[in-house]
Amino acid sequence: MNITFPDGSVKQYEDGMTALQIAESISPRLRKATLAAEIDGSRADAFRPIAGDHSIKLLTWEDEDGRWTMRHTAAHILAQAVKRVHPEAKLAIGPAIDTGFYYDFDAEPFTPEDLEQIQKEMEKIIAEALPLERFEMPRADAIKYFEEKGEPYKVELIQDLPEDAIISFYRQGDFTDLCAGPHVENTGKVKFVKLMSVAGAYWRGSEKNKMLQRIYGTAFEKKADLEEYITRMEEAKKRDHRKLGKELGLFALMEEGPGFPFFLPKGMVLRNTLLEYWREVHKRYGYVEISTPIILNQELWHRSGHWDHYKDNMYTTVIDDEDYAIKPMNCPGGMLVYKLEPHSYRELPLRMAELGLVHRHELSGALHGLFRVRCFTQDDAHIFMTWDQMEHEIQNVVRLFDEVYSTFGLTYQIEVSTMPEDHIGDKETWDFATDTLKKAIEHMGKSYVINEGDGAFYGPKLDFHLSDSLGRTWQCGTIQLDMQMPERFDLEYVGEDGQKHRPVMIHRVVLGSIERFIGVITEHFAGAFPTWLAPVQVKVLPLTDRTAQVCDNIASELDELGLRVEVDHRNEKLGYKIREAQLQRIPYMLVVGDRDVENGVVSVRSRKGGDLGAMTLDAFKEKILEEVKTRARD
């Protein structure tokens with residue numbers, strides 16, 4: 001058989017050889033490193049015989065699909081360990097995910113002691129280096145097999161497959177699971193694993209189904225990489241925005257409104273400061289701001305296409321015997337604003353921004369702090385333009401994104417999301433829009449990856465995945481091209497030729513959701529927001545009762561400059577007050593004692609630099625105002 005390698009070279013091998021044997025023929029080291037194979041573009045077991053001519057890529061830990069395969073096998077090892085320790089547990093599903101793997105079980109809640117025991121059993125299974133064997137059964141036999149095993153969730157999965165389906169299984173020692181594969185050759189290839197947490201998860205993601213126990217874990221090829229990952233996750237726990245939000249008095253999540261966050265006074269300061277910056281940037285980039293109603297009639301949502309493509313996520317109500325919907329998106333309101341008056345090509349591009357409150361029905365099991373909520377404020381904008389303005393406007397939005405993200409010290413990767421199965425409009429229009437997005441960012445010298453089939457139902461998009469200080473990624477900004485909604489709403493402008501034309505539209509968000517972005521930057525900065533953004537910028541600490549009035553005067557002077565300042569008059573030791581201010585991540589503390597008053601100075605402590613020594617109040621004002629003006633980061 002002829003095997004074509006990624007570099008284009010072709011070599012001949014005997015029919016029936018495996019990818020592992022092919023790797024061995026190249027080098028024993030490559031044989032040892034090979035976890036799986038990519039055969040004609042599809043992942044496959046490296047231990048299965050190959051027949052006929054194919055293109056092959058040998059997958060190692062350096063390849064995403066190689067890591068996926070090892071972690072997929074780790075999920076099976078987890079299931080095997082659970083069945084050994086808790087034989088009564090019922091198996092559900094267990095995929096690999098970006099950072100590791102998980103497996104869902106119908107079982108009593110797992111305790112930390114259970115996880116420790118399961119971890120030890122997994123390590124035994126890895127040490128046993130059990131070979132993975134793939135075999136198949138007809139659908140009816142597969143159903144009978146799992147019925148006899150007492151595994152109802154596996155039976156349900158198989159029953160959903162076509163009657164003529166041939167079902168694949170993988171066996172490792174005393175454990176067999178329903179699986180499409182691929183897997184590594186034996187459990188010993190998995191190397192280093194760590195169980196991380198337990199969470200509840202509805203069977204098949206539906207809150208109508210039973211809540212299962214989901215065990216999360218991760219697997220790495222090297223112990224050092226695993227230890228680094230665990231350290232990073234421990235740091236992430238400390239930065240959890242839900243924990244910091246409570247400690248810093250930013251927001252609250254209450255049982256009376258699951259998924260509907262309450263912003264507290266300090267959280268509102270943070271939020272409003274963020275929005276002031278947002279408005280400043282958008283004014284410079286030529287946007288006008290609008291506001292549209294939260295509730296609009298159902299006919300509008302039929303016209304926009306949301307009722308046909310998004311109604312399961314919408315809240316509805318009845319007003320005066322007419323059906324209405326609470327908006328899940330701001331776009332249709334923006335269309336109505338555009339239609340209020342005629343437009344000329346001379347006005348275009350018209351950039352309309354909106355901080356619009358939207359509501360979406362999310363499953364209760366999916367809610368997560370500020371990251372996944374049921375109501376949030378989208379920092380939306382809709383840009384109406386001529387066809388020949390498209391590339392320039394996309395680039396203009398990207399430049400705005402660059403400015404905003406760099407202010408917070410966030411980097412990004414761009415993803416081009418293409419036409420999904422559920423879409424409106426013809427393929428030719430979609431292809432043109434997708435090519436325009438690609439060209440716009442290529443001409444800016446920016447790279448991207450393709451995310452097939454993940455565009456909005458009305459058009460392709462650019463998704464901006466932000467990287468924070470821990471290297472985690474967050475999907476926040478997006479730029480979506482739309483030729484469909486202007487058509488549906490019969491939007492027009494009068495061209496240079498005096499004729500009516502259809503504008504093209506961009507939907508875009510920079511922060512994505514104000515709530516989510518606050519969650520992201522809370523974790524990114526570990527609650528230690530830059531001085532310009534901090535809810536409290538200065539804490540004034542009187543050293544004695546005699547300096548209390550001086551401290552109040554200092555606070556008044558700073559307040560007049562627009563700085564956010566508090567005075568700690570409590571009868572506590574100075575060390576205690578400093579420690580509390582540090583826990584609140586306050587950028588600056590001004591300690592004022594009798595000698596400071598005599599010398600006309602304040603003793604300055606910085607969150608970042610510690611004791612900065614004595615300086616005049618005017619010198620301190622100049623320093624902090626410069627930080628605020630330039631939006632400097634620590």
Side-chain angles (χ1 to χ4, degrees), residues 239-254 260-283 289 355-357 369-371 373 375-379 404 407-410 476 510-541 551-552 554-570 577 580-590 605-608 620-621 623-634:
R239 293 169 178 249
D240 190 314
H241 74 284
R242 295 167 297 180
K243 173 176 174 285
L244 290 173
K246 184 176 181 180
E247 291 175 358
L248 302 179
L250 302 178
F251 64 90
L253 300 165
M254 304 189 190
F260 301 96
F262 290 69
F263 274 85
L264 308 179
K266 288 181 179 176
M268 284 304 296
V269 171
L270 173 64
R271 181 187 180 105
N272 288 334
T273 305
L274 183 63
L275 296 184
E276 285 168 13
Y277 169 64
W278 183 92
R279 286 190 165 102
E280 175 199 309
V281 171
H282 282 74
K283 184 177 180 181
E289 187 174 352
L355 293 164
L357 182 65
L370 297 181
F371 291 161
V373 291
C375 77
F376 54 93
T377 302
Q378 274 194 316
D379 67 314
V404 171
T407 297
F408 296 94
L410 298 165
C476 291
V510 187
L511 309 181
S513 136
I514 304 304
E515 290 75 8
R516 179 179 169 83
F517 193 77
I518 287 174
V520 169
I521 60 174
T522 299
E523 299 198 0
H524 174 57
F525 292 119
F529 299 106
T531 303
W532 71 273
L533 196 55
V536 178
Q537 296 165 319
V538 183
K539 179 81 83 169
V540 186
L541 307 176
C551 288
D552 287 339
I554 289 171
S556 294
E557 286 190 46
L558 296 176
D559 182 68
E560 287 175 7
L561 295 172
L563 296 169
R564 299 183 287 275
V565 57
E566 292 180 350
V567 183
D568 190 343
H569 282 300
R570 293 176 302 165
K577 291 182 179 182
E580 284 237 317
Q582 288 172 332
L583 289 173
Q584 287 295 303
R585 278 74 164 177
I586 295 171
Y588 288 101
M589 289 160 271
L590 303 184
R605 294 187 64 88
S606 159
R607 179 180 65 198
K608 177 187 177 185
F620 174 72
K621 288 177 184 175
K623 173 181 172 58
I624 190 171
L625 288 174
E626 180 65 17
E627 275 188 45
V628 172
K629 180 183 176 182
T630 60
R631 296 192 174 91
R633 298 193 308 274
D634 287 351

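The main-chain N or O of Leu355 is never found under 3.5 Å from a side-chain atom of Asp379 such that the two would form a donor-acceptor pair. The closest donor-acceptor contact from the side chain of Gln537 to the backbone of Thr531 lies under 3.5 Å. Looking at Asn272, its side chain does come within 3.5 Å of a backbone N or O of Met268 through a donor-acceptor pair. Judged by distance alone, with hydrogens and angles left aside, the side-chain atoms of Glu627 form no donor-acceptor pair with the main-chain N or O of Arg633 at under 3.5 Å.
For the side-chain contact (heavy atoms from CB on, under 4.5 Å) test, residues two or more places apart in sequence or in another chain that qualify with Ala526 are Arg239. Scanning for side-chain contact (heavy atoms from CB on, under 4.5 Å) contacts around Lys246 gives an empty result, with sequence neighbours left out. With sequence neighbours excluded, the residues satisfying salt bridge (Lys or Arg N to Asp or Glu O under 4.0 Å) with Arg607 are Asp634. Residues meeting the salt bridge (Lys or Arg N to Asp or Glu O under 4.0 Å) test with Arg271, sequence neighbours left out: Glu515.
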### Task
Could you go through the side-chain contact (heavy atoms from CB on, under 4.5 Å) check for Ile554 and Val567 one step at a time?
CA-CA 9 Å; Ile554 289 171; Val567 183; over 6 Å; no
### Full working for side-chain contact (heavy atoms from CB on, under 4.5 Å) between Val538 and Arg564
CA-CA 7 Å; Val538 183; Arg564 299 183 287 275; over 6 Å; no
#### Entry: Full working for side-chain contact (heavy atoms from CB on, under 4.5 Å) between His569 and Asp552
CA-CA 10 Å; His569 282 300; Asp552 287 339; 2.8 Å; yes
### Query
Under the side-chain contact (heavy atoms from CB on, under 4.5 Å) criterion, do Leu511 and Leu274 qualify, and how do the steps go?
CA-CA 10 Å; Leu511 309 181; Leu274 183 63; 4.1 Å; yes
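In this structure, Phe371 and His241 have tilted ring planes: the angle between them lies in the 30° to 60° band.
Leu590 CG to Phe620 CZ: the interatomic distance, rounded to the nearest 0.5 Å, is 4.5 Å. Atom CD1 of Ile586 is separated from atom OG of Ser606 by 12.5 Å, given to the nearest 0.5 angstrom. Distance CG/Leu275 to CD/Glu280: 12.5 Å, rounded to 0.5 Å. Annotation: the span from Glu560 atom CD to Glu557 atom CD amounts to 7.0 Å, rounded to 0.5 Å. Distance check: Ile514 CD1 to Leu270 CG gives 10.5 Å after rounding to the nearest 0.5 Å. To the nearest 0.5 Å, the span separating CG on Leu264 from CG on Leu248 amounts to 11.0 Å.
Residues in residues 518-541 take part in these salt bridge (charged side-chain N to carboxylate O under 4.0 Å, His left out) pairs, two or more places apart or across chains: Arg472-Glu523, Lys539-Glu566. Residue pairs meeting the ring-ring contact (aromatic ring centres under 6.0 Å, His included) criterion with at least one partner in residues 519-539, sequence neighbours excluded, are Tyr277-Trp532, Phe408-Trp532.
Using a 4.5 Å cut-off on side-chain heavy atoms (C-beta onward), Val281 and Thr407 make no contact. Side-chain contact between Phe376 and Arg516: absent, with no pair of heavy atoms (C-beta onward) separated by less than 4.5 Å. Side-chain contact between Lys577 and Met589 is absent, with no heavy atoms from C-beta onward closer than 4.5 Å. Side-chain contact between His282 and Val510 is present, with at least one heavy-atom pair separated by less than 4.5 Å.
Across all their heavy atoms, Pro261 and Leu370 have their closest contact at CB-CD2, 3.7 Å. Minimum heavy-atom separation, Val520 to Cys476: CG2-SG, 4.4 Å. Closest approach of Leu250 to Pro535, counting heavy atoms only: CD2-CG, 4.1 Å.
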